[in-house]
Amino acid sequence: MKDLVGIKELSKDKIKLILDTASSFKDVLKRDIKKVPALRGKTVVNLFFEPSTRTKTSFELAEKRLSMDVLNFSVPTSSVVKGESLFDTIKTIEAYGVDFIVIRHSSSGAPHFIARNVDASVINAGDGINEHPTQALLDAFSILERKGSLKGLNIAIVGDILHSRVAKSNIYLLSKFGANIRLIGPPTLVPEMTDYHIDVFYEMDEGLKDADVIMMLRIQMERQGKGFFPSTLEYFKNWGLDMRRLKLAKKDAIVMHPGPMNRGIEISSDVADSEQSIILEQVTNGLAVRMAVMYLLKKESENA
Amino acid sequence: MHNSILIKNGHIIDPSQGIDSIGDILIEDRKIKEVRLQPNKRQGEVKVKGQIINADGLYVFPGIVDMHAHLREPGFEYKETIKTGTMAALKGGITSVCCMPNTNPVNDNRTVTEFILKKAYAEGSCYVYPIGAITKGQKGEELAEMGLMYEAGCIAFSDDGRPVVSTLLMRRALEYSKALNVPIISHCEDISLSDSGTMNEGSLSTKMGLKGITYAAEDIMVARDIILSELTGGKLHIAHVSTEGSVRLIREAKKRGINVTAETCPHYFTITEDAVANYNTNAKVNPPLRTQRDIEAIKEGLKDGTIDVIATDHAPHHGDEKLQEFDKAPSGISGFETAFSLSLKLVHDGVLSISQLIEKMSYTPARILGINAGTLKVGSQADLTIVDMNKEFKVEATKFLSKGKNTPFEGWILKGTSVMTICRGKVFDCQSFIGG
């Protein structure tokens with residue numbers, strides 16, 4: 001495997017291998033010296049065409065923990081603002097001899113486009129409304145830590161599924177492992193996904209019943225003007241997660257969120273900061289998972 | 001000067017006269033001088049001084065009239081020119097090209113129309129019939145000078161890739177065009193509903209993370225325009241039908257006697273939305289490729305006469321423009337050189353008879369537009385194409401004469417192709433360009 005462009009394209013075995021490898025890297029992260037020489041001498045460029053704090057930081061830290069040379073490409077100061085095409089941008093970057101390209105882009109399929117045109121390993125750090133594979137991997141890792149297995153778990157994904165690449169990648173991953181997926185949200189934000197076995201709920205209370213895992217999604221405030229729902233007040237009332245609703249799920253249910261959170265819009269503060277919330281563990285696990293992905297891509301491309 | 005060409009022993013199909021027979025065609029001074037069918041062979045051999053083409057085992061059809069194409073000149077000569085576009089058309093058996101007005105400047109006034117016609121006369125290989133814009137600058141605000149453009153040579157009006165959003169203005173256009181007795185060609189899309197989508201909306205668009213365009217965006221506008229056509233009595237022609245719903249609406253409208261005609265394009269009955277999987281920008285078109293169900297409905301519509309015409313919607317783009325993120329790449333297929341062969345599949349598959357196919361690609365579009373073409377009647381222009389129905393060839397975009405190499409059919413093996421096209425009294429050998 002040269003690239004990680006999506007979960008859709010990834011086999012179950014590959015996912016297992018990534019998660020197992022992440023486990024070893026998590027141990028590394030617990031050590032006093034958190035750096036390993038696994039990818040010393042390799043170069044990675046982080047190409048973020050969209051703003052991001054946590055994913056970019058997480059990748060950058062993971063890269064440094066693997067001893068890579070890290071280049072950060074910041075779009076507002078690049079030639080892209082002068083009108084350079086994505087094709088020329090990546091060809092230029094490739095000419096520097098980089099081994100990895102981590103890309104976030106507002107166009108769905110941009111990482112696939114790049115992967116076809118460069119020899120470097122391409123890692124999708126979020127493309128349009130398509131996928132965010134490392135997020136789904138770290139989510140699976142986090143669930144496994146708490147629940148031991150994905151099979152048969154009732155996993156509720158709540159909110160703006162239509163625009164959420166996190167939700168899409170999670171749906172692809174979790175359905176490969178036999179989890180029962182429920183989508184909860186207003187009908188305007190739940191897209192057609194007839195190829196997957198999924199239960200759809202427009203009513204939050206009903207959808208949360210007996211859930212083992214509740215994955216909350218960020219309401220994308222920038223899309224608010226499009227009229228997907230009338231107001232954030234109404235949204236929170238119908239689809240927000242508060243303590244009362246959390247009690248409808250299983251007693252030991254865990255609450256997840258990819259961040260950044262809108263407190264009081266999709267999730268109440270007391271839930272976000274509760275015992276059942278594993279939101280900060282997700283952040284830590286993100287490092288281990290991203291280290292595992294890059295380590296395995298390098299290994300496999302060298303064996304190829 | 002006498003310029004004679006005799007085509008001998010071809011299988012002549014001419015739906016305009018109900019001809020389906022082996023025979024000879026004599027061309028003199030760019031006109032059909034004589035059509036001699038085989039039962040009349042007793043009349044003796046036609047004597048000719050000029051060129052003799054042996055069409056034994058080949059078919060002879062009136063040249064294709066493509067009522068929906070983009071020649072990109074003026075303004076986008078890097079995508080295509082009238083010169084390269086008409087050469088590509090001839091190779092595809094097309095002898096009349098109707099070019100859409102989305103040039104730069106837009107063909108919304110007689111000066112641009114005259115420029116296109118002059119250029120076509122000087123550098124074109126086949127006939128070019130400009131389609132003028134309905135509204136100034138295709139902006140959908142004010143009617144363009146249809147009368148003056150008609151005088152200059154426009155044969156229909158369309159805002160092409162853009163619907164006329166204002167229902168009132170569309171009503172006016174249909175009313176006003178009655179004075180000229182020309183069709184208004186409508187790109188049916190409710191753009192507030194399609195909302196900058198880039199492919200067909202459905203399970204696949206979700207899976208690819210691309211914003212979808214629902215079939216309803218097309219159906220709604222088709223319904224609106226049919227209602228307006230009924231109200232005004234104006235000639236409405238619906239461009240590139242892609243949905244099951246459109247076919248149904250047009251069928252019902254025709255039953256009720258409304259003055260509506262419709263076209264579709266080879267890609268809408270040949271490939272589904274699956275062609276854009278892997279973000280293949282060469283399969284990005286507008287309206288988007290739909291589903292198998294829509295394909296079946298379109299075939300049914302072609303069969304029962306609901307859809308009158310097959311056009312190419314030849315939309316060449318530069319390679320750099322397609323080498324982009326999917327949502328940024330422009331829509332369109334370079335269609336001249338594959339349209340006829342793709343459409344022949346309808347005959348091979350028993351959907352249409354060869355005569356019906358030629359009618360939809362040649363005679364009917366000419367009739368809808370009032371063009372003197374699409375027939376082999378004695379005295380008419382000698383525009384025709386000679387076809388080898390069994391010749392197989394591989395689609396290779398690098399061999400296209402069009403500047404546009406954007407095709408989703410790269411590598412396909414197609415059966416049946418023009419081997420020779422005659423237009424403006426000149427014989428164009430299509431084979432020397434196919435390499436076969």
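Hydrogens, waters and symmetry mates are skipped; everything else that's a heavy atom, side chains included, is used. So that the names make sense, note that chain A is the first sequence line, chain B the second, and so on, each numbered from 1.
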Exercise for review: Calculate, to the nearest 0.5 Å, the distance between atoms NE2 and CG belonging to His105(A) and Asp327(B) respectively.
Suggested key: 8.0 Å
Exercise for review: Among the options Thr194(A), Leu162(A), Asn130(A), pick out the one with the most heavy-atom pairs lying under 4.5 Å from chain B.
Suggested key: Asn130(A)
Exercise for review: Please report the shortest heavy-atom distance between Tyr172(A) and Thr206(B), naming the atom on each side.
Suggested key: OH-O, 3.8 Å
Exercise for review: Flag the pair Tyr279(B) / Ser108(A) as yes when at least one side-chain heavy-atom distance between them is below 4.5 Å, and no otherwise.
Suggested key: yes
Point to revise | Lys139(B) NZ: over 12 foreign heavy atoms closer than 6.0 Å | key: no
Exercise for review: Report yes if some heavy atom in the side chain of Lys328(B) is under 4.5 Å from a heavy atom in the side chain of Leu86(A); otherwise report no.
Suggested key: no
Point to revise | Heavy atoms from other residues, nucleotides or ligands near NZ of Lys322(B) exceed 12 (cutoff 6.0 Å) | key: yes
Practice item. First locate atom CG of Asp195(A), then atom CG of Leu204(B), and finally report the distance between them rounded to the nearest 0.5 Å. Key: 8.0 Å
Point to revise | Within 6.0 angstrom of Lys91(A) NZ, more than 12 heavy atoms from elsewhere | key: yes
Review point. With chain A, which of Glu201(B), Gln324(B), Lys207(B) has the greatest number of heavy-atom pairs at distances under 4.5 Å?
Key: Lys207(B)
Review point. Just wondering, more than 12 heavy atoms not from Lys2(A) lying within 6.0 Å of its NZ?
Key: yes
Review point. How many angstroms lie between CD in Glu325(B) and CG in Asp127(A), if you round to the nearest 0.5 Å?
Key: 11.0 Å
Exercise for review: Count the heavy-atom pairs under 4.5 Å between each of Glu9(A), His163(A), Glu131(A), Arg116(A) and chain B, then report the option with the highest count.
Suggested key: Arg116(A)
Exercise for review: Look only at the side chain of Arg165(A) and the backbone of Gly209(B), and say whether a donor-acceptor pair between them is shorter than 3.5 Å.
Suggested key: no
Point to revise | Test item: Thr281(B) and Phe113(A) side chains (from C-beta on) under 4.5 Å apart, heavy atoms | key: no
Check your understanding: Checking heavy atoms, do the side chain of Asp195(B), its backbone, both or neither come under 4.5 Å from chain A?
Key -> side chain
